[in-house]
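Below you'll find the structure, written out as C-alpha cells, and then a few comments.
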Amino acid sequence: MKINYTTKNQRLNVEINSDSVKDAFKELAIFQEVFDEDSCQLCHNEELQFVVRTVDRNDFYELKCKKCFAKLAYGQHKSGGSLFPKRKNSEGNYDNNQGWHKWNGGNENV
Ligand SMILES: [Zn+2]
C-alpha cells in the first residue's frame, strides 16, 4: 500500500509505503504529530522553520515562528528515535497555545 500525504499547509509531502492498514495508520500518525503543524499558535503566522540546536552534545528539536519567534519544542522518545511536540506549558498544563511559547529569559524547558 502506498500513500501520499501532504501537510495541511501544503509545504511537506511524504510517501508512506506499508504492508497493512495498521502500519499506514501508525506511520501517518507519527508524521502528522511531528510535521503537520500548520501555523504558530501565538500569532497564526504560517512561516515556520525547523531548528535543531546542539547544546553540550544534546540535540534540541524545535519549530520556530519566523514572525514572532515563538517556538514549539519537541521531546524525544527514549527509544526508536521518534519525536513528539511538547504541548504542555511550563506549569505542566495544556492551554490554548498548544505548547507554543516565547523564551522568557529564564531556564528553557528543555
Ligand atoms: Zn508566531
Side-chain angles (χ1 to χ4, degrees):
M1 181 190 311
K2 189 184 281 188
I3 294 176
N4 253 299
Y5 179 81
T6 303
T7 53
K8 280 184 282 187
N9 61 13
Q10 312 288 312
R11 290 173 187 268
L12 296 174
N13 182 272
V14 69
E15 186 176 287
I16 290 171
N17 287 301
S18 56
D19 296 330
S20 69
V21 172
K22 282 192 208 170
D23 279 348
F25 196 104
K26 201 170 178 181
E27 294 289 317
L28 271 174
I30 291 168
F31 181 81
Q32 276 189 323
E33 185 174 35
V34 174
F35 295 107
D36 211 353
E37 192 78 9
D38 64 340
S39 62
C40 169
Q41 295 302 307
L42 297 188
C43 74
H44 307 290
N45 169 47
E46 294 182 2
E47 290 278 328
L48 305 178
Q49 182 177 10
F50 290 92
V51 177
V52 180
R53 293 185 299 117
T54 303
V55 180
D56 295 333
R57 283 193 245 152
N58 294 310
D59 290 336
F60 296 95
Y61 297 81
E62 299 165 350
L63 200 52
K64 191 169 81 179
C65 172
K66 287 186 172 181
K67 190 173 169 194
C68 77
F69 304 111
K71 63 190 186 183
L72 176 65
Y74 287 82
Q76 302 173 47
H77 291 118
K78 288 205 173 14
S79 62
S82 55
L83 299 171
F84 61 93
K86 292 182 173 178
R87 298 293 186 189
K88 291 180 180 174
N89 62 23
S90 54
E91 281 90 50
N93 301 315
Y94 293 103
D95 60 27
N96 292 336
N97 297 338
Q98 296 180 46
W100 283 87
H101 63 281
K102 289 188 179 174
W103 189 54
N104 58 16
N107 197 12
E108 284 189 87
N109 59 343
V110 289

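As the structure lists them, so they are numbered: ligands from 1, and atoms in each ligand from 1. Just the heavy atoms: all of them, side chains too, but no hydrogens, waters or symmetry mates, feed the values below. Throughout, numbering of the chain's residues begins at 1 and tracks the sequence.
Taking a cut-off of 2.8 Å, the protein N, O or S atoms nearer than that to the Zn ion (ligand 1) are Cys40 SG, Cys43 SG, Cys65 SG, Cys68 SG.
Connection of Phe35 to Val14 is established within a shared hydrophobic cluster, with ILVMFWY side chains joined at heavy-atom distances below 4.5 Å, either directly or through further cluster members.
Within the 4.5 Å cutoff, side-chain heavy atoms of Glu37 are placed close to those of Trp100. With a 4.5 Å cut-off on side-chain heavy atoms, Phe84 and His77 count as touching. Side-chain atoms of Leu63 and Phe50, non-hydrogen and from C-beta on, do get closer than 4.5 Å to each other.
A donor-acceptor pair under 3.5 Å is absent between the side-chain atoms of His101 and the main chain of Leu72, judged by distance alone.
Using a cutoff of 4.0 Å between basic side-chain nitrogens and carboxylate oxygens, Glu47 and Arg11 are scored as salt-bridged.
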